[in-house]
Amino acid sequence: MSIYINQEKLQFHLQTREASYVFQVLPSGYLVHLYYGKKLRDTDLSWLHVRTERASFSPNPVPEDRTISFDTLPVELPVYGTSDFRNPAIQLELENGSTVSEFMYTGHRLVKGKEALTGLPATYVESEDEADTLIIEMQDQVSGVKIELTYTAFTAFNAITRSMRIVNESANVVNVLRALSSSVDLPHADYELLQLSGAWTRERDIVRRPLASGLQGIESRRGSSSHQQNPFIALMTPGTDEDQGEVYGFSLVYSGSFTAQAEVDQFYTTRVSVGINPFEFSWKLEPQESFQTPETVMVYSAAGLDGMSQSYHELYRERLARGQFRNAERPVLVNNWEATYFGFNADKIEQIARAGQKLGIELFVLDDGWFGHRDSDNSSLGDWIVDKNKLPQGLDDLANRVTGLDMQFGLWFEPEMISPDSELYRKHPDWCLHVPDRRRTEGRQQLVLDFSRQDVRDEIVRMLSDVLSSAPITYVKWDMNRNMTEVGSALLPADRQRETAHRYMLGLYEVMERIVTSFPHILFESCSGGGGRFDPGMLYYMPQAWTSDNTDAISRLRIQYGTSLVYPVSSMGSHISAVPNHQVNRITSLEIRGHVAMSGNFGYELDLTKFTDEENAIVKAQVELYKEIRSTVQYGTFRRLLSPFEGNETAWMFIAPDGSEVIVFYFRVLSEPNAPLQRLKLKGLDPNADYRLKGGSETFTGDALMYGGIAVGSESGDYLSEMFRFERV
């Protein structure tokens, strides 16, 4: 049991492995937040609600009780217009044009397990015993609108999820102007805000800043979670590092425009708000219709950032990702994009695949350019028919050539896009997102298909299904290379146009669900110009993502380190590419490129036929090594040791699920003259166990490796990497 209810005081205590979350219904019917933090055993925490009378500029909704003011009350469902001046979680426009509402507690339900969210990705359980779910029912007596606040507390995992369902039980139309997934009021503002920010080819930099009075946070208005901001924030007590300090993580399971904010009020309390971005959003609710928000996954850690990350990794790897590849070892692949770009034919592809087979590579992926008349990025998106000029014998012939080498065959798609120069666009020019009488802004010479439309979704599913059924395809890279502009739909009426972006996301999720369930034998990898949609919503449908279009090993140190704050290594695609690197023009050794790429789902993005004999030998050894360690890398415990955001060095390690193996990687960017001797301290080992360095006879105790450390960085030269492989004795 993870949720305890004090019926007498209507107090609700949610517990995970490490945290407690407590709130209570006041006699007035308001839902007041009491506590969120380290796990408590108290059965009555009513005393945490401080009752005090504030100044006259804090209005009182209950005249006879001046200790109640929404201006100061920590509430579970804040609304605007009835004396709470902070960020609301919900805002409705009623038939009379007013936007004032007031929701009071009317009841609750407690159920075992966790139900799916209609039309949305979400975490799940495989047994009812893994979680309990509490539904709090609230109603606005004037409008008749009902709200269900849903909380799930996982017993097997250290996480609480929150979402909201709005039900229009009135006889009138209601417009939803704001519907956030979660709002949490914390009792002070002595925190740092952490976010993952960046740009294309520079995703998920770690940004930290102290909270200040007022509103601070992140958002996307791009129609996707974006390269610029990841749908995640954390609040940390000052001085928090990897191993110490309190951390509150908030991760949104959604792939569209979002907001995640922290508001510090005049009394230095903090309200954290997470959900669909209300900017350019509204939703028309007819009588008896409902609206479901995405869910927020909240993680509390008293053991620093590492504690938070371990909780997210475990939950997202085991109870967000789905399908037969969730726990399966991912194949070593080669992708032809940087090898050929659009200039290839069947023979060239077979040559690369044959070279890969000799090196032990298991999967060949045919990237962009195999369809329509796609000789550059200016045409053919939407025409998912094989280009017979490049592949005269068809896709099946090429796939059979590859599989005949005892390799798997994979394919690139960009199903959400349409080129103005395509047969599909000439036939259906209204099928893209657009606004009447406005220009259709192109990005990468393409437009966005209107996935809010059922006819568009059905046609895309038909075309993709035809291709995926036509050849022995076992891997798909699902790309998306631009953000939304002129967001409108030809089929929606004027009063529903601001629903388009969210309807698009619901439509995309529907298409993905139909495709991945129809082809369960295919490993799907999501991509959006690399990491532009690396979010939990995508992970629900596709268990891995292309982490970034930037394959430079040095850049990837920051990208993969930042990504690991929330996302498990099993979700990260990481490949070796040619040098000079195509994104930053840097030259690095095959060794450091290999060590960085082996820290994820491993592969190559280059022309294998151009390797020298020496390079072939190195790559063959890399592939053999990765096959030996990949179960530990992909499904072991990942620990960060040195941060690329704090210095010239980076280090991380992996511990096998059974503790039998330990893999350590150390990286130094620039060499320093007469540098001090460095010792790298490991983490998470059994202090009472002994560990032997692979390939040698030397044995170390676990406590010595953690508290004494291993010598690193003694060699000179820039772009140094070292790998240590220990086996438990």
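Note that the structure is a prediction, hence the values are computed from the model and not measured. Both backbone and side-chain heavy atoms feed into the values below; hydrogens, waters and symmetry mates do not.
By the 4.5 Å heavy-atom criterion applied to side chains, Leu682 and Ile710 are counted as neighbours. Within the 4.5 Å cutoff, no side-chain heavy atoms of Asn483 are placed close to those of Arg221. Looking only at side-chain heavy atoms (C-beta outward), Arg533 and Ser526 stay at 4.5 Å or farther from each other. Here the side chains of Thr123 and Lys114 are in contact, with some heavy-atom distance below 4.5 Å. For the pair Met138/Glu76, no side-chain contact is recorded, criterion being any heavy-atom separation below 4.5 Å from C-beta on.
Note: His595 and Phe665 have tilted aromatic rings, judged against thresholds of 30 and 60 degrees for the angle between ring planes. Using the six-membered ring where Trp is involved, Phe157 and Phe154 have ring planes that are perpendicular, over 60° apart on the 30 and 60° scheme. Note: Tyr300 and Tyr248 have tilted aromatic rings, judged against thresholds of 30 and 60 degrees for the angle between ring planes. Using bins of under 30°, 30° to 60° and over 60° for the plane-to-plane angle, the ring pair Phe654/Phe638 lands in the tilted bin.
The heavy-atom pair separating Thr293 from Ala179 by the smallest distance is CG2-O, 3.6 Å.
Geometrically, Arg204 engages Phe534 in a cation-pi contact defined by less than 6.0 Å to the ring centre and at most 45° from the axis. Judged by the 6.0 Å distance and 45° axis criteria, Arg178 is not positioned over the aromatic ring of Phe281. Figure legend: Arg317 and Tyr635 shown without cation-pi pairing, the cationic atom not lying both under 6.0 angstrom from the six-membered ring centre and within 45 degrees of its axis.
Ring centroids of His108 and Tyr151 are separated by 6.0 Å or more, keeping the two rings apart. Between Phe70 and Tyr30, a ring centre-to-centre spacing shorter than 6.0 Å is recorded.
Using a cut-off of 4.0 Å between Lys/Arg side-chain N and Asp/Glu carboxylate O, Asp84 and Arg86 are scored as salt-bridged. Ion pairing of Glu314 with Arg17 is present here, as a side-chain N (NZ or NE/NH1/NH2) and a carboxylate O approach within less than 4.0 Å. Salt-bridge check for Arg319 with Glu126: passed, with a basic side-chain N closer than 4.0 Å to an acidic carboxylate O. The pair Asp243-Lys683 meets the salt-bridge criterion, with a side-chain N (NZ, NE, NH1 or NH2) lying under 4.0 Å from an Asp/Glu carboxylate O. Contact check on Arg640 versus Glu646 returns no salt bridge, with no Lys/Arg side-chain nitrogen under 4.0 Å from an Asp/Glu carboxylate oxygen.
Atom CD of residue Gln634 and atom CG of residue Asn327 lie 11.0 Å apart, to the nearest 0.5 angstrom. Once rounded to the nearest 0.5 Å, the distance linking CZ of Phe12 with CG of Leu110 reads 9.5 Å. To the nearest 0.5 Å, atoms CZ (Phe23) and OH (Tyr105) are separated by 9.5 Å. With rounding to the nearest 0.5 angstrom, the CD atom of Gln91 is 10.5 Å from the CG atom of Leu180. Between atom CD of residue Gln292 and atom CD of residue Glu148 there is a gap of 8.5 Å, rounded to the nearest 0.5 Å.
The side chain to side chain donor-acceptor pair (under 3.5 Å) with Gln560 is formed by just one residue from the set Ser555, Ser574, Ser599, Ser548; it is Ser574.
When only modelled atom types and interatomic distance are considered, Gln11 and Ser46 share a side-chain donor-acceptor pair under 3.5 Å.
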